[in-house]
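One structure is given here, and the rest of the page talks about it.
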2 protein chains.
Amino acid sequence: MELFLQTVGSIYDETRVKILKFINKNGELCVCDIENSFEMIQSRISRHLKILKDGGFLKVERRGTWAYYSIRSPLDEFRLSVLKEIDLLDIEIPKLKKGCAL
Amino acid sequence: MELFLQTVGSIYDETRVKILKFINKNGELCVCDIENSFEMIQSRISRHLKILKDGGFLKVERRGTWAYYSIRSPLDEFRLSVLKEIDLLDIEIPKLKKGCAL
DNA sequence: TTTATATATCAATATATCTTGATATTTCGC
DNA sequence: GCGAAATATCAAGATATATTGATATATAAA
């Protein structure tokens, strides 16, 4: 139950739904790219990414100073259906703006 | 987005997940049956049922003084996958105890 | 019409979650 | 080692949601 609620809770937020859709569309991205594209402060993005990761939707890979987030694979059937549903949602997601200084 | 979040929010609660699983297992039930089976006060059950209904999972039919809740049909693919996932959850749900005085 | 049963809704409080700004951690290059 | 960039975490305030108890509504029976 706890795991299920964590999974559900991770998508019970407008920002996280958009981030998930954004990563699903654009593929692997680092935090600063998402931060820049969404024009939200870093701590906020970082927190949401962690929640989506803990919810089982994302994985992280650290390379140097960067943390690259991408859709976890393989996804179980339930999370796949969530992703599919989110993909069908008619919502605006920002254009990808690369944001890292280096 | 709003509708999606409402749907997701309706299952982001332990009690509601159990109620949904309970109705899915036992079929159409009136509020007092659920109230009695779960041993929760009426206002609490009533509220959760409303949220599950507004989330698109349940329908109500009033017959006399009773309100009978059941799984809405047909369900779209996403809500079906939710129901399936909840059905797979290894959680305890109470035994059905008919609760109406009449 | 009065009373009882079933259900819904409201107000107040308690609890959880989100956002922001500040700070901590990690890694790289000098 | 030191400073800068990228990321993570924490504390405080704001907002949302859950629970309870009280009350409102609706139906049926006497």
Side-chain angles (χ1 to χ4, degrees), chain A residues 1-20 23 28-55 58-70 96-102, chain B residues 1-20 22-23 28-55 57-70 96-102:
Chain A
M1 171 66 92
E2 230 173 277
L3 185 62
F4 175 77
L5 288 178
Q6 188 178 27
T7 302
V8 169
S10 74
I11 51 166
Y12 184 42
D13 179 278
E14 182 164 354
T15 301
R16 286 197 291 272
V17 170
K18 286 184 181 171
I19 290 177
L20 194 50
I23 294 179
E28 188 186 65
L29 293 170
C30 70
V31 180
C32 51
D33 291 336
I34 301 171
E35 186 188 337
N36 249 270
S37 303
F38 280 80
E39 294 178 337
M40 291 177 183
I41 64 175
Q42 185 269 325
S43 66
R44 185 175 172 186
I45 296 292
S46 183
R47 179 178 189 270
H48 285 311
L49 287 170
K50 176 178 170 48
I51 292 172
L52 283 169
K53 174 171 72 73
D54 293 345
L58 299 181
K59 69 176 198 289
V60 211
E61 197 189 323
R62 266 208 113 113
R63 295 202 290 272
T65 23
W66 294 274
Y68 291 90
Y69 284 84
S70 55
L96 177 57
K97 270 194 276 184
K98 289 281 178 182
C100 305
L102 302 185
Chain B
M1 171 66 93
E2 231 173 276
L3 184 62
F4 176 77
L5 287 179
Q6 187 177 27
T7 302
V8 170
S10 74
I11 50 166
Y12 184 43
D13 179 279
E14 182 163 354
T15 301
R16 287 196 290 272
V17 170
K18 287 184 181 171
I19 290 177
L20 194 50
F22 189 70
I23 294 179
E28 187 186 66
L29 293 170
C30 69
V31 180
C32 51
D33 291 336
I34 301 172
E35 187 188 336
N36 248 268
S37 304
F38 279 80
E39 294 179 335
M40 290 177 183
I41 63 176
Q42 185 270 324
S43 67
R44 185 174 172 187
I45 296 293
S46 183
R47 181 177 188 271
H48 285 311
L49 287 170
K50 177 178 169 47
I51 292 173
L52 283 168
K53 174 170 72 73
D54 293 345
F57 289 99
L58 299 181
K59 69 175 199 290
V60 211
E61 198 190 322
R62 265 206 113 112
R63 294 203 291 273
T65 23
W66 293 274
Y68 290 90
Y69 284 85
S70 56
L96 176 57
K97 270 194 278 185
K98 289 282 177 182
C100 305
L102 302 184

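We use all heavy atoms of the structure for the numbers below, so side chains are in, but hydrogens, waters and symmetry mates are not. Chain letters run A, B, ... following the sequence lines, proteins first and then strands; every chain starts at 1.
Using a 4.0 Å cut-off between a side-chain N of Lys or Arg and a carboxylate O of Asp or Glu, B:Arg63 and B:Glu61 qualify as a salt bridge.
Across the protein-nucleic acid pair, A:Tyr68 atom OH and C:dT27 atom P stand 15 Å apart, rounded to whole Å. Rounded to an integer number of Å, the gap from NZ of B:Lys98 to P of C:dA6 is 13 Å. Atom CG of B:Asn36 is separated from atom P of C:dT5 by 14 Å (rounded to the nearest Å). As rounded to whole Å, 12 Å separates atom P of C:dA8 from atom CD1 of B:Ile51.
Closest to the A:Cys100 side chain, of the nucleotides C:dT9, D:dA6, D:dA8, is D:dA6. Comparing atom distances between the A:Thr65 side chain and each of D:dA18, C:dT26, C:dC18 picks out C:dT26 as nearest. Closest approach to the A:Ser46 side chain among C:dT19, D:dT20, D:dT9 is made by D:dT9 (side chain taken as heavy atoms from C-beta onward). With distances taken from any side-chain atom of A:Trp66 to the nucleotides C:dT27, D:dT7, C:dG21, the minimum falls on D:dT7. In the set D:dT20, C:dA8, D:dT9, the nucleotide with an atom closest to the side chain of B:Ile41 is D:dT20.
When all heavy atoms of A:Leu29 and A:Asp33 are compared, the closest pair comes out as CD2-OD2, 4.2 Å. Annotation for B:Ile41 and B:Glu35: closest pair C-CG, 4.3 Å, computed over non-hydrogen atoms.
With rounding to the nearest 0.5 Å, the separation of CD1 in A:Ile45 from CD1 in A:Ile19 is 4.0 Å.
Heavy-atom distances to DNA chain D give each of A:Lys50 and B:Tyr12 a nearest nucleotide, and the one nearer the 5′ end belongs to A:Lys50.
Residue A:Arg63 is classed as having no contact, given no heavy-atom separation below 4.0 Å to the nucleic acid.
The base of D:dA6 does not come close enough to the side chain of A:Gln42 for any donor and acceptor atom to sit less than 3.5 Å apart.
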